[in-house]
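Some notes on the structure that comes next.
All chains are named by letter (A, B, ...) in the order of the sequence lines, taking the proteins before the strands, and each is independently numbered beginning at 1.
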Amino acid sequence: MGLGSYYSYGLPSFLIIVIALYLLFTDSGEAFNVGRFLEESNPYAWGASGIGLCIGLSVAGAGWGIFVTGSSILGGGVRAPRITTKNLIRHAHKPSENRLVTNIALQYHLLAADSLLCISRHKIIGIVYSARLSSVGEAELYTPANYYTGFALFWGGLTVGLCNLLCGVCVGITGATAAIADASDPDLFVKILVVEVFGSILGLFGLIVGLLMATNAEEFKAAATTTAKAVASPYVF
Amino acid sequence: MEALFFNIDTGFLEGIVRGYKAGILSQNQYGSLAQCESLEATDYGGFLANEPLPLSTSTIQDKATQILVDQFNYLRSNSVQPLTKFLEYITYSYMIDNIILLITGTLHERDTHELLERCHPLGVFESMPALCVATTVEELYQSVLVETPLAPYFRECLSANDLDDLNIEIIRNTVYKAYLEDFYHFCASLGQPTAEVMQRILAFEADRRTVNITINSFNTELSKEQRAKLFPTIGRLWPEGNNQLAKADDMDQVRAACESVSEYRTFFADAVPNSSSGGNGYDELAAASQLEDRFFRMEVFLNKQAFLQQFQYGVFFSYVKLKEQEVRNLTWIAECIAQDAKDRIQDFIPIF
């Protein structure tokens, strides 16, 4: 075990144990109350975090994928300039180039479209989810339906964000390989493109699951009567 | 996981080196070369344009090597650590050759400038001319080598005091052994898949040197203990094969020692089964050159395989070796044409 892992695994564990034992021995063990935390925390916080995570992680994935592919395209394009247009720009590929293509109109690039897809997915989620965030006063906020909306937005956003992150990385790596394979043998381009499309589907699945989670989540509504937050326990300072 | 971060520092250079690899002459181009046509359409387009006729083989070799050197310097100047260190490791083997060349040349009283011109350009370092004045290894080390990155490799040979021909070969092999082992461990520290690719190539290099040292030391003054100390402690023949080769006296024992590794068995397959050692010198020579040929083919094969994997540094090493092989091929073809030996012109090793 290196010194780095001593610190990175040991220090947090130590701190957690110390805090837990402190609470236990000062008779405040009840302060660690997960249910109370979930009931007390504001559904807006959950919802907004979910949306933020979705957008942030998706952009990170798209960016990661772009730089991985981009550097390989730049390097390979020095010797084989033809790969830059095919791999970078999203347009139908010019019939003047003598290449074997299955369907010229559908000759997609790799990089830009897939990153754009990543970005467009999170925009969809962002728009759909933020429609749920309507304004409700503090006293009427804590209803079961609102709790559900908050949690659903958080975990849905996290799901979409992580899926897009991994999808972006996947497409980026296969794109780099595709660029280099294309530079050495043009016939390989379409074959590797198929693999990339499979990678792209990962993000799509994330989008579907995110949307499903949000279908039952209604927008925040005020309660009929004023509802109280969870009662503070007498065992807690 | 290496694919996640490799392209940050090295993606562009990897693309460049794969582009260079696409410029290596193919079998068709060799075919047209052998018929004396021009090198115009290849990477070598203009390199001979400014040379006065008649072209000598050494000019062709020098200019072709210069192309490799220019490409390598481009890669090295654009690299960051740890790729820079890796590329420097590649130059160390040429440095070792240059140092030995200079020492040998000085011993035989050759002209310093002539020697410096014959040095390989990839292995030049600043204090090289100072090597020509040293007389013992101690002096050599203290004055020149201690500042070069090769210093740790020379420490083991400080005991060989007088520099005669046999000792120089021993020094060369001891230093090269230290270099190979150091490079091997450095590649291990770079993580997978660089380690996997490079260690396979370096293991074969070590085995090849072991076998060559053994075969070349038959009927010489080199004792078996001295021979054993020159074998690198990496490679698939280590440790059992190395022990057997240290005690070997003729080709049959060498073949027996290599039996344990399946790839090396075929190297000795067609050799004339010559039971009486030292009997028929010509057969042994033919067997040795066939063996050398097979080693080269295996090396080219392993270097080509390195290109099948992405996101590792092995492609840089393999490109340099393949380009070197190509220069050797070109020199061979030029020599055959010059000496009018067209029947042997196909004896080079094709790469792609």
Would you say A:W64's side chain and B:L4's backbone share a donor-acceptor pair under 3.5 angstrom?
-> yes
Could you give the distance from CG (B:N7) to CZ (A:F67), rounded to the nearest 0.5 Å?
->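 So the gap between those two atoms works out to 7.5 Å.
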Should we count CZ of A:F198 as having more than 12 external heavy atoms under 6.0 Å?
->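 Incorrect, the count does not exceed 12.
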A:W155, CH2: over 12 other non-hydrogen atoms inside 6.0 angstrom =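 12 or below, so no.
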Using a cut-off of under 4.5 Å on heavy-atom pairs, state which of A:V169, A:V68, A:L74 scores highest against chain B.
->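 The option with the most such pairs is A:V68.
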Most heavy-atom pairs under 4.5 Å with chain B, out of A:A181, A:S184, A:A183, A:A176, belong to A:A176
Sub-4.5 Å side-chain heavy-atom contact between [X] and [Y]:
{"X": "B:E14", "Y": "A:I180", "answer": "yes"}
{"X": "B:F311", "Y": "A:I173", "answer": "yes"}
{"X": "A:S72", "Y": "B:R18", "answer": "no"}

